[in-house]
Amino acid sequence: MRIAELSRTTHVSTATIKYYLREGLLPSGLLTSSNQAHYTEDHVHRLRLIRALLDPGGLTISRIRSIVTTLDEPDGTFAPGSMTPVASYAGPLAPLTADPRTVESVRSLTERQGWDAPVDGPEFAMVVELLDILCELGQERFADRLDDYAEAVEKVAAVDEEVLRSCDDARSLAESLVVSTVLGDSLLSALRRLARAGRGTPPAHAFVASGASEASS
């Protein structure tokens, strides 16, 4: 297909497609003349991946370029472990500046769950930083239920592993890993809100109004 058909198929403007080509996000098509190129279903798939990582994924063009460059590496040099799509929320030294009680709380949690997560890893640092922020906001009640949240995400992680094991090859595994990480968090947030709605959990403004009513009575 030519670029106009590629645009119609993917609902991405030709100007945007040309921008992705210049930025190295999209492989060049097969030249059929000096100013014409032929594109395939692989380009359709790549465009859909790019759009998903941009919105709702929220990744930058430079981060997506890094990811697709790795995806395009020849077989044999490809390393799925290099496909962490989102930069660390907190630096690996964050636990050194955090509340020691929070660090110990998270360390104890990983032990109880049997998670072999390094204390100097970005995931550990992220949890520590977020818990400290919650406490600063006076939201310790969430931290108090940390084990319950951990039990829930343990089930999610187990499902992720089953899905990833079903991939046919390293390249498919890597793309699935990226998509599940970038879009998976958004999906879980949406499912959480859906569950709240299904359980009849009142929206935040209802809690606020209820509190104001009680205060005035």
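Keep in mind that what you see is a predicted model, and the values were worked out from it rather than measured. For reference, positions follow the sequence shown, starting with 1. Heavy atoms only: backbone and side chains are in, while hydrogens, waters and symmetry mates are out.
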Donor-acceptor pair, side chain of H43 and main chain of T40, under 3.5 angstrom: yes
Main-chain N/O of M1 paired with H38 side-chain donor or acceptor, under 3.5 Å: yes
Donor-acceptor pair between S180 and D160 side chains, under 3.5 angstrom: no
Straight-line distance of M126 CE to L131 CG, nearest 0.5 Å: 12.0 Å
Donor + acceptor pair across side chains of Y20, R65 (<3.5 Å): no
Residues D72, R46: salt bridge by 4.0 Å N-O rule: yes
Pair S186, S189: side-chain N/O donor-acceptor within cut-off below 3.5 Å: no
Donor + acceptor pair across side chains of E162, S166 (<3.5 Å): no
Straight-line distance of F124 CZ to T110 OG1, nearest 0.5 Å: 6.0 Å
Closest contact, heavy atoms only, S105 versus L146: OG-CD2, 4.3 Å
Over all atoms of both residues, closest heavy-atom pair of L59 and V182: CD1-CG2, 3.9 Å
For D116 against P118, the heavy-atom pair lying closest together: O-CD, 3.8 Å
Test item: S176 side-chain N/O and S172 main-chain N/O as donor-acceptor pair under 3.5 Å: yes
Charged N-O contact under 4.0 Å between E111 and R107: yes
More than 12 heavy atoms from other groups under 6.0 Å of CZ on R192: no
Whether D132 side chain and D99 backbone form a donor-acceptor pair below 3.5 Å: yes
